[in-house]
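Shown next, in structure tokens, is the structure this report addresses.
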Amino acid sequence: MDLGLTNKAVLVLASSKGLGKATAMKYAEEGARVMITGRDGETLKATAKEIKEKTGSRIEYEVCDITKKEDIKNLVQKTVDAFGNVDVLINNAGGPPAGTFDDFGDEEWEYAFQLTLQSMIRAVREVLPHMRKNGGGRIVNIASSSFKQPIDGLILSNTFRTAIMGLAKSLSQELAKDQILINTIGPGRIGTDRIKELDQVIAGKKGISVEDVKNELEQTIPLGRYGTPEEFARVIVFLGSEANTYVTGQAFLIDGGMVKAF
């Protein structure tokens, strides 16, 4: 299948590692020009070099703290300066701290909002003029399986990841006339550093090893294993490609069948 991504301009937020990096890699494999972002310049530089060497595609990088309005504005402008447009926006953010309601005050709630929801609002706002001028675009939001089924001990993520789905559904109605398609993806237990950190939290609370935690959780997944970042990225790349012409306003789980809710 031709995904129509050759020379498309793709901006992937929070993409120096994990799901963001895997997504950037997969777009580059399809011939897209990709802007990757993160807060650590050295990690970004190494990731850009790795993707370029493996794919031969043009990769740019920009240090960006997505909790800061001016950083996002600057990032989008740098992407347009480099590539001439933004055809695809992949909204992504690291997860907020684990904990329950009693663990957090206003400061932690505000940070989680800025990180997971406000960053996406700002990124969409900045790319819209360019997508409209170019006659359309694709936006894919990386959220969490918690938008279908809350995850114990992740109240901050549960709250704002669900809000992302509501935002995308509303935007799909408003942006359809501009030929801008927007969808949301909820990863289950995909083998990233974030999942390792969460497994360590569970292990500490239960007094067992991280490997035992992983074994227990894999038993709750019908496919019997954690997913890989590469498997996750394939779905995102399709939704954010020219091959997707009629899917918008939808929320999909990539979880190996773990979530039982409809």
Under the criterion salt bridge (charged side-chain N to carboxylate O under 4.0 Å, His left out), I'd like the reasoning laid out for Glu30 against Lys26: C-alpha separation, chi angles, the key distance, then a yes or no. CA-CA 7 Å; Glu30 293 295 331; Lys26 197 62 66 176; over 6 Å; no

Is a side-chain N or O of Arg33 found less than 3.5 angstrom from the main chain of Asn7, in a donor-acceptor match? yes

Less than 4.5 Å apart, side chain to side chain, heavy atoms only: is that true for Asn92 and Ser15? no

Minimum heavy-atom distance between Asn85 and Ala9, given as atom pair plus value: O-CB, 3.1 Å

Within a strict 4.5 Å, meaning less than it, do heavy atoms of the Lys196 and Asp199 side chains meet? no

Answer with yes or no whether the side chains of Thr100 and Asp102 bring together a donor and an acceptor at under 3.5 Å. no

Which class fits the ring pair Phe113 and Phe160: parallel under 30°, tilted 30 to 60°, perpendicular over 60°? tilted

With a 4.5 Å heavy-atom cut-off, do Gln114 and Arg122 have their side chains touching? yes

Quick check: is Leu167 connected to Ile182 through a chain of hydrophobic side chains (ILVMFWY, heavy atoms under 4.5 Å apart)? yes

Minimal non-hydrogen separation, Gly94 against Leu115, with atom names: O-CD2, 3.1 Å

State whether Glu218 and Arg225 are salt-bridged, where the test is any N-O pair (Lys NZ or Arg NE/NH1/NH2 against Asp/Glu carboxylate O) under 4.0 Å. no

Side-chain heavy atoms nearer than 4.5 Å, only ILVMFWY residues, links allowed to pass through others: does that put Ile190 and Tyr27 together? yes

Of the options Asn215, Val213, Ile202, which is the one that meets Ile208 in a side chain to side chain contact (heavy atoms under 4.5 Å, CB included)? Val213

Does Lys214 qualify as a cation-pi partner of Tyr226, given the criterion of NZ or CZ under 6.0 Å from the six-membered ring centre and within 45 degrees of its axis? yes

